[in-house]
2 protein chains.
Amino acid sequence: MISSTPRRITVWLIEDNASYRHSVLRAFDRMEGLRCTSSFPSFEDALPRLHDPTLPDVILLDVGLPGLDGISAIARIRALHPGAKILILTVFDAPQKIFAAICAGAAGYLLKTASIAEVAEAIRQAVDGGAPMTPRVAKLVLERFSSMAAHALRSPDYSLTDREREVLEFMVQGLIKKEIAARLHVSVHTVATHIRRVYEKLQVTTNTAAVSKALREGLVSSRP
Amino acid sequence: MISSTPRRITVWLIEDNASYRHSVLRAFDRMEGLRCTSSFPSFEDALPRLHDPTLPDVILLDVGLPGLDGISAIARIRALHPGAKILILTVFDAPQKIFAAICAGAAGYLLKTASIAEVAEAIRQAVDGGAPMTPRVAKLVLERFSSMAAHALRSPDYSLTDREREVLEFMVQGLIKKEIAARLHVSVHTVATHIRRVYEKLQVTTNTAAVSKALREGLVSSRP
DNA sequence: GTTTCGGTCGCACGATCGTGGGATGTCCCT
DNA sequence: AGGGACATCCCACGATCGTGCGACCGAAAC
C-alpha cells in the first residue's frame, strides 16, 4: 500500500543521539518521497525555527532527550504548528510515557526497535491520517483503553429495586426527600422508606455516602 | 522483523464471504510459518469446534457476519478459549464497532483494505503479544483514548481553598461533620463554616448536591 | 392459600444539618 | 497602617434526616 503524495513529505528530526540522527538522515536521503529538511539535537534548538514560514509535515521527536521533557515539547509544537504530525521515536516503552505523549497530541508512537524502513512507512501513514504505533505500544494502549471502558461500565449488583434506583437517582441530583416525593407523587414517608432500603443495601448510613457510592460505582448515570 | 516461532502458527478463519475466505486460505497455504487449520462461514459453525482438544493460536473473525453479532462472538470465544488471540478482519470502520470489539477483548482490528501479506504480518505480531491495527483504526482509538483521558482530567475551577477541598474530600467519603472535625483536629463549627463556603462556591444547598457535583466534575479524586 | 416481595403510608424521637448572626487571629499585599 | 483572604471558633433556630416500629395492598411465587 504505497501512498502517492504529490510532493515529497518534509520531515524534521529532533534526536539527541548524533549517530542515530545521522543514520536516519542518510537513509531518508536515499528514499523517494521523503525529505528531512532539518534536524536538531534538542527541542530547544528546534524551538526558534518553529516560527519559520516553511514548516514540515511531520516532526520525528525523541522524548528521552535532555532539557525540556518530551511531553511539554509536544504541547509546545502543537501550539505553534498545529498542522504537523508529531511522531514519537524513542527507546522508552513505559506506559506512563506513552499515554502522556498520546494525550499531549502525538500522532503516533514508535520504539527504536523499529527499522528505518518501518519508520519511513510510519511517516507515510501519519501523513495519510493514520496513527502508526509499534505493536507493543498498540497493545498497551488497547489494554488501557479497554480497562478504562470496562471501569466506566462496570456496575456491581446491590439488587436495588426499580423504585429504589429511581429514588437514588434523584438523591444524586441533589434533591431532598420532600422534592423527591413531589416528583414521584408519593408521600415523604414512602421516599424515606425507599431511602432506608437503599442505605441497607449499599451498607451506608448517610445520604452523602450513598450518593458517593452510587456515583463512584456507576449505579446511576453520571450525566446531569 | 521476522519472528521465529518453533512451529507454524495455527489459525482459524471465520468469514462469510466464500471467495475472500478461499483466497486467504490459498495465500496462507503458500506461506511459511502459518497454517489455517479450519475455516467457517459463520460463528455458529465454529462454535461446536471450540470444545476440540486442539485449538488455534489465532482466530481471524469477520464481525459483519449474519447470525450472532461479532461482539458477542468475541466474548464467547474468549470464555471457551482464553488463550486464542482474536483478530477482527472486517470492512466496517465505525468507531462504535471498533471500540466494542476492543472492549470485548479482541487482540487487534484490521480492515479488509489490508493486503493478505499485511494480515499475515498482523497475525505474527498478535502471537508476539502485539496489537495489530490498521492505521485508520489506530487513529480512532488514539483519538478516543485521549478524549477519554482529557474528560477524566478536566476540572472546573470553583476556587476552593485547600482546606475547603480537604473538607469536601471527606464529605465525598461519606463522613459527617463530627467525623471530619475529628480527622482535622478542629471543632465541628469550623467544619461547618468550611462546608458553608463550599456550598456557596459550588452553588448548592445540600450535602448531597455538593458530593454529587464534586464527583461528577472531578473536583476530588474518585479513588476510594 | 399462604408466603414473599415491592411499593405505599404513618408516627415519633433524637441526631444532624443549613444558615443567620458574630468573633479572633494570622498572613500577605501595597 | 490598613485591608483582604483564610482559618478558626461560638451560638441558636428551624429544617431535615436516620431509624425505631407498625400497617395495608396487589402481584407473583410456592
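So that the names make sense, note that chain A is the first sequence line, chain B the second, and so on, each numbered from 1.
Distance NE2 (A:His194) to P (C:dG6): 11 Å, rounded to an integer number of Å. Rounded to an integer number of Å, the gap from CG of B:Leu202 to P of C:dG18 is 13 Å. The distance from atom CG of A:Asp162 to atom P of C:dG7 is 6 Å, rounded to the nearest whole Å. A straight line from NE2 of B:His185 to P of D:dA7 spans 17 Å, rounded to a whole angstrom. Between B:Arg197 atom CZ and C:dT19 atom C1' there is a gap of 11 Å when expressed in whole angstrom units.
At a threshold of 4.0 Å, the pair B:Asp57-B:Lys85 does not count as salt-bridged, since none of the basic side-chain nitrogens sits closer than that to a carboxylate oxygen.
Judged by distance alone, with hydrogens and angles left aside, the side-chain atoms of A:His81 form no donor-acceptor pair with the main-chain N or O of A:Ile77 at under 3.5 Å. A donor-acceptor distance shorter than 3.5 angstrom exists from the side chain of B:Ser212 to the backbone of A:Val172, with no hydrogens or angles considered. Judged by distance alone, with hydrogens and angles left aside, the side-chain atoms of B:Ser39 form no donor-acceptor pair with the main-chain N or O of B:Leu13 at under 3.5 Å.
Shown here are the side chain to side chain contact (heavy atoms under 4.5 Å, CB included) partners of A:His189, two or more places apart in sequence or in another chain: A:Ser187. Not counting sequence neighbours, the partners of A:Phe40 by the ring pair (Phe, Tyr, Trp, His ring centres under 6.0 Å) test are A:Trp12.
Taking CD1 from A:Ile9 and SG from A:Cys36, the interatomic distance works out to 12.5 Å, rounded to the nearest 0.5 Å. Distance check, rounded to the nearest 0.5 Å: CD1 of B:Ile123 to CG of B:Leu110 gives 8.5 Å. The line from CG of B:Asn207 to OG1 of A:Thr206 is 7.5 Å long, rounded to the nearest 0.5 Å.
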What string of B, S and - do you get for nucleotides 10-21 of chain D, 5' to 3', when a contact is any protein heavy atom under 4.0 Å?
-> BB----SSBBBB
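Each end of the helix from C:dG1-D:dC30 to C:dT30-D:dA1 gets its own rotation axis from five pairs of C1' atoms, and the angle between them is 50° to the nearest 10 degrees.
Applying the salt bridge (charged side-chain N to carboxylate O under 4.0 Å, His left out) rule to pairs touching residues 176-204 of chain A yields A:Glu164-A:Lys201, A:Arg197-A:Glu200, sequence neighbours excluded.
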Dump every N/O contact between nucleotides 27-30 of chain D and the protein below 3.5 Å, one line per pair.
none

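With B:Lys112 as the partner, the side-chain hydrogen bond (donor to acceptor under 3.5 Å, both in side chains) test is satisfied by one option alone out of B:Asp62, B:Asp93, B:Asn17, B:Thr90: B:Asp62.
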